[in-house]
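Here the structure is laid out as structure tokens; the discussion comes afterwards.
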Amino acid sequence: MKKENTVRLLIVDDSSDDAEMMSNLLRRAGYSVRVARVETQDEVEAAIAGQTLDLIVSVPRLAEMDVQQVLARIRESGMDIPLIVVTGGNEDHGPALEALRNGARDMVQKDQAERLQLALIRELSDLDLRRAHRMCEASLRETEKRNRLLLDSSHDAIAYVHDGMHIYTNAAYLSMFGYLSAEEVEGTPVMDMVAPADHARFKDFLRNYDKGGQARELDLQGRDIAGKEFKLKMEFSPASIEGETCTQIIIRDLSQNQELQEKIKALSRQELLTGLYNHQYFLEELDRAVARAVNGETSAMLYIGIDNFQALKENSGIPAGDMVLGDIATLLREKLESGSLAARFSDDVFTILLQGGDTAQAQTLAETLRKAVEEAVLDADGQPATLTCTICVCAISESLASSRELLLGISRTCTAARNAGGNRVQVYNPAVEARIIREEMRHWSVQLQSALDGNRFRLLYQPIISLRGGSEEHYQVLLRMLDEQGNEMQPEQFMPGAEQVALMGALDRWVIERAVKLLAARRQAGHKTSFFIKLFVDTMTDKTLLPWISETIKAVRLAGDGLIFEVREASAADNLREAKEFVNGLKELRCRFALNHSPSGSGPANFAYLRHLPVDYLKINGSLMPGLAARPENQEMVKLVNETARGAKIATVAECVEDAATLALLWQYGLDYAQGYYFQKPGETLTYDFSGDHA
């Protein structure tokens with residue numbers, strides 16, 4: 001069967017006869033072939049850089065170059081080019097086997113013409129399937145983005161509701177009711193948006209609608225997050241989102257004018273501190289760039305990490321850090337050409353998308369920006385400051401699976417470059433990074449599984465002290481790993497590896513099982529001890545965890561009230577529905593739940609979801625504690641978080657308390673508990689005297 005497109009075949013071989021034989025195999029199979037033959041490394045690099053290739057056939061006998069060099073050049077190009085190794089019957093197959101281990105698609109002997117022909121056809125068919133798959137994925141992502149864009153660009157407020165709970169809201173809906181993000185609304189009842197006086201009428205309408213009633217519209221009084229009431233028209237229709245049957249509600253408020261809506265839309269894309277685009281809008285544009293790359297449209301990305309910014313903020317304060325970020329944002333805007341999109345991506349990271357750019361252009365711009373930041377004298381709240389930056393650049397090519405993969409890899413590369421001294425421009429290659437990640441995953445998979453099999457983990461315990469005069473025995477359970485030489489490893493050394501190889505759930509269960517047995521023994525000995533146990537987000541969302549916890553505590557006859565499971569606030573907010581199910585399940589087992597709040601978000605204003613999670617303890621992240629007595633901005637944050645928790649009747653715990661001055665302030669602010677080295681460092685025994693007066 002004739003193929004519509006010409007196969008672009010590169011043969012790495014010093015024999016023109018062999019090259020002709022291989023190209024004839026494809027022609028006899030019905031392919032139109034454009035063949036090029038090369039013999040040296042320079043010729044390989046020129047061929048890969050100068051044209052789009054469909055297939056490479058390499059013969060490893062060339063003295064000037066081995067197959068590993070060809071594979072390395074393919075990886076560096078970022079292109080999806082399959083490679084087949086052809087060997088002679090009497091040759092050493094060691095190099096060819098090594099090539100298979102490093103990414104070659106097949107190894108075939110030259111005299112096996114029929115098998116070689118089948119291998120060539122198979123790889124071309126697989127390549128077509130991969131390309132089609134990438135195009136389908138890009139098309140699907142683009143369709144989903146387009147649908148969401150249509151919803152978000154609507155001037156009407158739109159929500160998708162299932163069983164009376166929000167599962168999707170657009171930007172106009174959030175703006176109408178005064179919410180900052182969709183995460184604040186997701187999983188909350190739609191009844192919260194209705195004025196109390198209309199609750200009964202709204203419930204009656206929903207009952208009739210669910211029974212197939214003809215009414216599809218309802219006028220009533222809405223209520224925003226601040227309690228302000230206003231007249232609404234709601235229109236209901238059946239819908240589905242991500243395969244789930246639900247109800248679409250369109251809410252129209254005719255008092256909103258067009259100009260105001262446009263201003264709100266523009267502001268929703270903007271990061272207010274710097275005036276650049278925000279994290280979410282940059283992600284949307286990056287997704288579009290990845291989708292366009294499948295069709296051959298080039299672009300490039302810069303990932304800019306500000307070196308030592310955290311140290312500046314700690315030494316000069318949060319206002320000084322904010323002013324410095326504003327200066328850097330202004331500097332970036334001045335250096336960028338039209339068509340470039342700049343965003344503040346996170347606390348100390350900026351990102352730039354170059355439409356139509358390539359790696360060389362991105363490197364040139366990156367060096368210009370690096371030098372500009374290095375030479376700039378910045379305003380740190382009235383004090384001069386100088387900083388440097390580390391910039392990673394990456395071309396967005398067809399071989400890139402997703403924007404998430406790109407961001408994970410480029411952030412790792414930037415972090416490594418900053419740790420190595422910073423103030424540099426680093427090229428990020430997704431193919432090379434993927435190989436490094438695979439090697440790391442193999443390493444950590446072996447190391448962690450060996451530690452689990454050899455019982456080379458141990459638990460430490462740190463007391464959590466009541467500041468209100470109580471004598472409860474609370475301990476934080478902490479995990480340590482021992483390497484093969486018996487040296488203790490901190491969590492930050494092995495936990496990233498556990499996340500890479502998806503062993504977090506196994507580690508969490510290891511901790512829970514041993515902590516439960518010890519806690520049961522303590523309770524049977526007459527101690528009213530409770531354990532705080534941290535969980536990964538993947539563990540929290542595992543549907544089998546709650547039944548397993550139930551069986552585990554039943555096996556040792558332990559009451560669930562001695563277990564307090566702790567999850568990071570961001571993990572709960574990003575997985576609100578799963579978190580709600582998990583916490584409700586814990587309550588059935590009489591276990592308790594704690595959230596670890598991080599100050600890196602938007603502070604207490606981001607706590608609307610606490611109304612929908614039955615939280616028992618809110619832990620204030622230890623990053624706010626060092627030198628608290630000398631940091632007014634950190635003091636304000638601690639007070640606000642504590643007041644928010646108190647309003648929700650949630651007990652507060654301060655982590656990393658290391659001095660008496662910090663403890664005195666925490667007691668003054670009315671916090672309930674504290675833990676840290678000031679009381680006791682983590683240890684293997686539970687011997688702390690909780691009867692002392694710490695109030």
Side-chain angles (χ1 to χ4, degrees), residues 134-160 166-175 179-186 241-242 261-295 297-304 329 332-333 336 338-347 349-357 362 392-398 400-411 430 570 573-575 601-602:
R134 283 195 291 266
M135 292 187 69
C136 287
E137 285 188 328
S139 177
L140 176 60
R141 287 195 298 268
E142 188 60 27
T143 299
E144 290 175 344
K145 288 289 180 183
R146 208 158 40 234
N147 289 341
R148 290 295 177 98
L149 185 62
L150 287 171
L151 290 171
D152 279 332
S153 63
S154 172
H155 300 309
D156 296 321
I158 301 174
Y160 282 32
H166 293 93
I167 58 175
Y168 169 79
T169 52
N170 72 348
Y173 188 96
L174 297 174
S175 174
Y179 288 89
L180 298 178
S181 68
E183 287 77 13
E184 291 183 271
V185 181
E186 187 175 355
I241 187 168
E242 297 177 353
Q261 289 287 346
E262 291 299 325
K263 289 181 179 179
I264 291 172
K265 182 179 177 181
L267 286 172
S268 71
R269 297 176 173 180
Q270 190 179 57
E271 201 275 322
L272 296 181
L273 176 64
T274 62
L276 300 178
Y277 288 111
N278 59 25
H279 175 100
Q280 183 58 41
Y281 184 68
F282 184 85
L283 285 181
E284 293 172 359
E285 289 299 311
L286 182 61
D287 280 344
R288 294 187 183 99
V290 171
R292 288 194 297 269
V294 176
N295 298 319
E297 295 185 35
T298 61
S299 55
M301 175 182 169
L302 280 70
Y303 188 94
I304 307 168
L332 295 181
R333 274 193 295 267
L336 291 182
S338 61
S340 300
L341 187 153
R344 183 188 177 198
F345 195 72
S346 64
D347 191 30
V349 173
F350 295 89
T351 47
I352 295 173
L353 190 62
L354 299 180
Q355 302 289 358
C392 288
V393 302
C394 177
I396 299 175
S397 68
E398 66 166 345
L400 195 65
S402 66
S403 58
R404 181 179 181 275
E405 178 188 272
L406 168 59
L407 290 168
L408 283 173
I410 203 169
S411 65
D574 291 343
N575 301 271
S602 55

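Heavy-atom basis, side chains included; hydrogens, waters and symmetry copies ignored. We number each residue from 1, following the sequence as shown.
Taken from OG in Ser340 to CG in Leu332, the straight-line distance is 11.0 Å, to the nearest 0.5 Å. Taking CZ of Arg292 as the reference point, atom OG1 of Thr298 lies at 10.0 Å (rounded to 0.5 Å). Here the OG atom belonging to Ser299 is positioned 13.0 Å from the CZ atom belonging to Arg288, to the nearest 0.5 angstrom. Atoms CD and CG, from Glu284 and Asp287 in turn, are 8.0 Å apart once rounded to the nearest 0.5 Å. Rounding to the nearest 0.5 Å gives a distance of 12.5 Å between CD of Gln270 and CZ of Arg344.
Across all their heavy atoms, Ala362 and Val393 have their closest contact at O-CG1, 3.7 Å. Nearest heavy atom pair, residue Phe345 against residue His279, reads O-ND1, 2.9 Å. Of all non-hydrogen atoms in Leu336 and Ala342, the two that sit nearest each other are CD1-CB, 3.5 Å. Annotation for Ala159 and Thr169: closest pair CB-CG2, 4.0 Å, computed over non-hydrogen atoms.
For Glu186, there are no salt bridge (charged side-chain N to carboxylate O under 4.0 Å, His left out) partners at least two apart in sequence or on another chain. Here Ala343 pairs with Tyr277, Phe282, Thr351 under the side chain to side chain contact (heavy atoms under 4.5 Å, CB included) rule; sequence neighbours left out. Every residue two or more places apart in sequence or in another chain that forms a ring-ring contact (aromatic ring centres under 6.0 Å, His included) with Tyr173 is listed here: His166, Phe177.
Only one option out of Leu353, Ile410, Ile352 pairs with Leu302 in a side chain to side chain contact (heavy atoms under 4.5 Å, CB included); it is Ile352.
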Apply side-chain contact (heavy atoms from CB on, under 4.5 Å) to Leu276 and Leu341, showing your working.
CA-CA 9 Å; Leu276 300 178; Leu341 187 153; over 6 Å; no
Quick one, Val185 with Leu174, criterion side-chain contact (heavy atoms from CB on, under 4.5 Å). Give me CA distance, side-chain angles, the key distance, then yes/no.
CA-CA 8 Å; Val185 181; Leu174 297 174; 3.5 Å; yes
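At distances below 3.5 Å, not a single donor-acceptor pair connects side-chain atoms of Asn170 with backbone N or O atoms of Ala157. Judged by distance alone, the side chain of Glu285 and the main-chain N or O of Tyr281 form no donor-acceptor pair under 3.5 Å.
Residues Leu406 and Ile396 form a side-chain contact, since some pair of their non-hydrogen atoms from C-beta on lies under 4.5 Å apart.
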